[in-house]
Amino acid sequence: MPRLVLIDGSSYLYRAFHALPPLTNSAGEPTGALFGVVNMLRATLAEQPDCAAFVVDAPGKTFRDDLYPEYKANRSAMPDDLRAQVQPMCEIVQALGFPILRIDGVEADDVIGTLALEAARTGTDVTISTGDKDFAQLLQPFESGGSIRLINTMSGSVLDTDDSVMAKFGVHAHQIVDMLALMGDTVDNVKGVDKCGPKTAAKWLAEYGSLDGVITNVEKIGGKIGENLRAALPRLPLNRELVTIKTDVALDSAAHELNLRPRDVDTLKILYARYGFNAALKELGGTPPPSASERKVSMRGTEAGWARTGAAPVEPPDEKLGQKGTYETILTREQFAPWLAKLQAAGAFAFDTETDSLDALCANLVGLSIATEAHAGAYIPFGHDYPGAPAQLPRDEVLDALRPLFADASKKKIGQHGKYDLHVLRCHGVTVHGYDEDTMLESFVFNAGASRHDMDSLAKRYLGYDTVRYEDVAGKGAKQIPFSHVSVEDATRYAAEDADVVLRLHSVLRPKLAAEPSLDAVYRDIEIPLVPVLERIEANGILVDAAELRRQSADLGKRMLEAQQQAIALAGRTFSLDSPKQVGQLLFDELKLPVQVKTSTGQPSVNEEALEALADLHELPKIILEYRGLAKLRSTYTDKLPDMVNPNTGRVHTSYHQAGAATGRLASSDPNLQNIPIRTDDGRRIRKAFIAPEGRRIVALDYSQIELRIMAHLSEDPNLLKAFGSGADIHRATAAEVFGKAMDDVSNNERRAAKAINFGLMYGMSAFGLAKQLGIGRGEAQDYIALYFSRYPGVRDYMERTRQDARDKGFVETVFGRRLHLENIHARNQGLRAGAERAAINAPMQGTAADIVKRAMIQIDRWLADVGGRALMLLQVHDELVFEADTAFVDDLIAGATQRMAAAAELRVPLLVDAGTGANWDEAH
DNA sequence: AGCTGCCCGTAC
DNA sequence: GACGTACGGGCAGCTA
């Protein structure tokens with residue numbers, strides 16, 4: 001049977017553009033989308049179809065625009081970087097031998113629909129290659145024996161039968177248009193039924209068969225969503241028409257001659273070379289341009305084509321990388337022996353632990369997986385316990401055999417989020433040295449902006465591979481079973497794959513980092529050495545006086561009750577003070593107080609600012625604020641923290657997320673110990689419950705104004721440098737400069753204003769924001785800012801330089817070379833773009849501070865290892881480190897740690913550290 | 001019952 | 001629209 005492939009070029013172009021990082025070739029031309037499309041086309045050709053066409057949208061109005069003027073109205077113009085790739089794409093498509101179809105006044109979808117149906121009716125097997133699910137509506141049986149199937153080469157998914165459509169969407173293929181009509185399509189500005197997603201639409205269609213059936217039975221559908229449906233009724237017939245792909249477009253004869261031409265190898269070589277598609281070039285027998293020596297010279301520049309982002313592209317995953325490996329379950333000594341030999345012979349190995357708990361500090365080791373080469377791995381179960389479980393090797397025997405390998409620093413260990421495994425192994429008496437590579441951290445340093453750095457996401461992103469997920473073998477939610485109850489077969493395909501995938505990811509990520517020396521240094525010198533440091537800090541934990549917190553909870557509860565009673569008396573009815581919705585109804589609907597602040601979604605806000613603004617009009621807002629302050633402290637801190645005390649250690653162990661914040665800061669959770677209150681007296685009291693054990697003291701060391709000092713360093717502003725050099729109170733000095741006074745004459749209010757300016761600057765704040773912050777007019781705020789910049793022109797220049805840098809390069813970097821890519825720096829949407837600019841201003845300062853603190857932690861940890869447990873590092877709160885130390889060691893600790901913190905960077909200004917000590921964290925400030 | 005988005009508030 | 005980076009609690013509504 002003849003085969004025809006129809007490629008939805010427009011859909012791929014957009015998807016590749018948004019899915020891939022913004023790449024450029026050596027001439028600075030954008031190539032990201034091109035790259036994605038070319039790889040897709042090469043994959044298509046490898047299938048050797050008889051006929052094919054590359055179909056793209058043509059400019060001009062279509063019948064849908066006539067039907068519905070707002071069609072695609074909220075779609076922004078094609079980004080310049082994408083537009084620039086259209087012509088080169090056409091050239092490559094031509095050279096590859098694909099006919100290109102571009103028909104004025106007809107969308108690509110309708111051209112594809114028409115050709116597909118026609119061909120299938122005449123007995124052709126049609127493949128539509130697209131990223132757009134809407135095409136599922138075309139699937140149907142044909143008398144001729146022809147067929148239509150969909151393939152999405154970016155996700156690898158295939159839809160070829162009604163059953164597969166049902167599995168994916170929960171409706172039959174012929175119901176797809178009805179489902180789309182109900183759901184709507186935000187991208188095309190087709191407004192469906194509010195709150196109706198695929199599930200709801202599928203439910204209705206299963207019940208009533210079709211859109212018409214749903215419309216007939218509209219009164220039977222209850223609840224809010226029923227109302228939404230009735231409100232949307234008039235739109236639905238039009239929606240249906242808009243989402244229906246046309247299959248009867250008039251096409252001229254050329255559109256029916258879809259023969260592939262032989263590819264034009266010479267032209268392709270030129271084009272591939274020009275755009276830096278080296279893998280594709282090599283396939284043609286061409287030589288990738290740079291020789292090894294040239295490569296070295298130009299690597300940091302433009303040769304590889306990634307200068308704009310400094311990030312290598314997500315290469316077309318080498319096909320082999322995305323294939324399943326072969327995995328072995330080790331149940332006997334005979335099976336274990338050859339693996340042990342492999343580990344002993346290998347210079348490096350990947351490993352992963354499996355446990356029965358997410359909490360590493362009380363987790364039991366259930367099994368361990370290892371891999372020494374890609375596509376192979378072994379799982380050694382020893383704690384699986386379920387009816388019919390096979391006999392397993394004794395845990396201690398396995399650990400004893402592996403212990404020397406883990407302890408040998410010259411044997412490199414590779415992991416993914418290895419801090420967890422380090423915890424688990426240490427709890428089981430296995431010390432790990434030489435933990436040298438971590439794929440999570442490689443990914444984080446390579447592209448901190450990416451939202452996820454978990455293994456499943458990385459495998460998908462860098463290998464094009466779908467891993468077996470934890471929930472696939474252990475279930476999730478209420479149905480989750482402990483890993484020890486998972487069959488060793490399931491456990492093996494999950495766990496051994498993990499170790500294997502770590503190796504494969506490392507083989508992809510390692511060269512990407514190696515190509516960027518500054519990123520490699522951040523990874524090698526900061527992130528990797530920090531792993532064991534954080535592991536120790538987390539394991540140390542901090543002693544918490546749970547009884548004290550419970551007393552505070554009781555006290556807060558009493559005061560909450562009083563506030564609540566007052567509030568209800570004032571309101572004249574009961575309501576929940578915890579519910580923003582109910583508070584809003586009461587204040588604005590019933591009491592008719594004026595709405596002065598709105599939330600981001602346009603609702604009347606009842607936040608602190610809003611309630612403060614109403615305080616003069618009514619007594620109630622004040623009471624609600626009082627209640628809310630107390631409730632926050634109680635629910636988040638005094639109630640929660642006692643529950644978090646680890647029963648084994650009697651201490652609270654937070655976890656630090658090393659790949660948490662895009663700027664390079666750590667984040668803390670479970671519990672978050674980086675947002676313990678300090679500003680109010682009630683809040684501050686909570687810090688009294690963080691205590692040192694008998695014979696020890698809490699020591700808190702914090703950098704003084706570290707981010708402002710970094711701003712001085714980066715901007716090289718003479719006035720700012722001078723102020724820090726002289727050791728003056730920086731906010732007072734700023735006020736003196738801005739208001740033209742002697743330091744001693746600066747009023748408290750002027751200092752407050754100067755402080756707000758200083759902080760605002762680091763966050764990219766506008767005059768509007770400063771005015772709001774200070775409660776002054778916008779003009780006045782603008783004057784302050786102008787005055788500031790006239791006194792500190794270096795700061796103004798620096799800010800502008802940073803914005804420009806971000807626009808030119810697509811990223812900003814810290815003093816130590818850590819990068820933050822700014823996805824939205826060229827966004828059409830002004831809000832997004834402005835946000836990216838503010839992030840660009842802030843990231844070098846916040847990120848450099850983070851780098852410095854991390855460097856200090858590494859040095860201090862090394863030093864503390866030598867003093868034999870007389871002091872422990874307990875917490876990091878961005879610019880502060882908290883320790884507990886033997887009373888007799890406190891002075892030594894302060895001297896030694898302070899010195900290392902101050903020496904963690906050499907800036908144009910000194911780094912000052914304030915020290916405090918006491919029986920608890922509050923006293924240590 | 002579990003998940004998600006929203007609103008709000010804590011830290012640096 | 002308007003100040004950067006996080007985490008988390010409670011509510012409310014949706015999904016399963």
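Throughout, a chain's letter reflects where its sequence line sits, starting with A, and its residues are numbered from 1.
- Below 30°, between 30° and 60°, or above 60°: for A:His731 and A:Phe759 the angle between ring planes is between 30° and 60°, a tilted geometry.
- Among the heavy atoms of the strands, none lies under 4.0 Å from A:Leu673.
- Of the side-chain N and O atoms in A:Ser605, none sit less than 4.0 angstrom from OP1 or OP2 of B:dC7.
- Following rounding to the nearest Å, A:Leu630 (CG) and B:dC8 (P) show an atom-to-atom distance of 18 Å.
- When heavy atoms are screened at a 4.0 angstrom cut-off, A:Arg778 is found touching base atoms of the nucleic acid.
- When each of C:dG4, C:dG8, C:dC7 is scored by its nearest atom to the side-chain atoms of A:Asp670, the top-ranked nucleotide is C:dG8.
- Between A:Asp922 and A:Lys688 there is a salt bridge, since a side-chain N of the basic residue sits under 4.0 Å from a carboxylate O of the acidic one.
- When the nucleotides C:dA12, C:dG4, B:dG9 are ranked by their closest atom to the side chain of A:Leu625, B:dG9 comes out on top.
- The distance between atom CG of A:Leu820 and atom P of C:dT5, rounded to the nearest whole Å, is 8 Å.
- If you take atom C1' in C:dA2 and the same atom in B:dG5, they sit 23 Å apart, rounded to whole Å.
- Figure legend: A:Arg819 and A:Phe811 shown as a cation-pi pair, the cationic atom lying under 6.0 angstrom from the six-membered ring centre and within 45 degrees of its axis.
- Counting to the nearest Å, the C1' atom of C:dG8 and the CG atom of A:Leu641 are 12 Å from each other.
- Across all strands shown, A:Lys632 has heavy atoms under 4.0 Å from base atoms, whether or not it also approaches the sugar-phosphate.
- The side chain of A:Pro677 approaches B:dT10 more closely than any other nucleotide in the set B:dT10, C:dA6, B:dC12.
- Note on A:Lys772: nothing from the nucleic acid sits closer than 4.0 angstrom, heavy atoms only.
- Between A:Arg559 and A:Glu562, no side-chain nitrogen of the basic residue sits less than 4.0 Å from a carboxylate oxygen of the acidic one, so the salt-bridge criterion is not met.
- Across all strands, A:Ala843 comes closer than 4.0 Å to no nucleic acid atom at all (heavy-atom distances).
- The side chain of A:Arg838 lies closest to C:dA2, out of C:dA6, C:dT5, C:dA2.
- Checked against B:dG9, B:dC8, C:dG10, the side chain of A:Thr599 finds its nearest nucleotide in B:dC8.
- Taking the side chain of A:Ser635 as heavy atoms from C-beta on, and the options B:dC12, C:dG4, C:dG10, the nearest nucleotide is C:dG10.
- Out of C:dG4, B:dA11, C:dG10, the shortest distance to the side chain of A:Asp578 is found at C:dG10.
- One finds no salt bridge joining A:Lys632 and A:Glu626 here, because no Lys/Arg side-chain nitrogen approaches an Asp/Glu carboxylate oxygen to under 4.0 Å.
- Here the nucleotide nearest the side chain of A:Pro580, chosen from B:dC7, B:dG9, C:dC7, is B:dC7.
- The ring of A:Tyr792 has its center closer than 6.0 angstrom to the ring center of A:Tyr788.
- Spacing between atom CZ of A:Arg628 and atom P of B:dG9 amounts to 4 Å, rounded to whole angstrom units.
- Residue A:Gln674 contributes atom CD, which lies 10 Å from atom P of C:dG8 at whole-angstrom precision.
- The nucleotide whose nearest atom lies closest to any side-chain atom of A:Gln846 is, among B:dC12, C:dG9, C:dT5, C:dT5.
- For the pair A:Gln830 and A:Ala839, nearest-nucleotide mapping onto DNA chain C gives the more 5' position to A:Gln830.
- In this structure, A:Ile624 places its CD1 atom 18 Å from P of C:dG10, rounding to the nearest Å.
- Between the C1' atom of C:dG4 and the CZ atom of A:Phe759 lies a distance of 12 Å, rounded to the nearest Å.
- As a whole-Å value, the separation of A:Met845 CE from C:dG4 C1' is 9 Å.
- When heavy atoms are screened at a 4.0 angstrom cut-off, A:Gln582 is found touching the sugar-phosphate backbone but no base atom.
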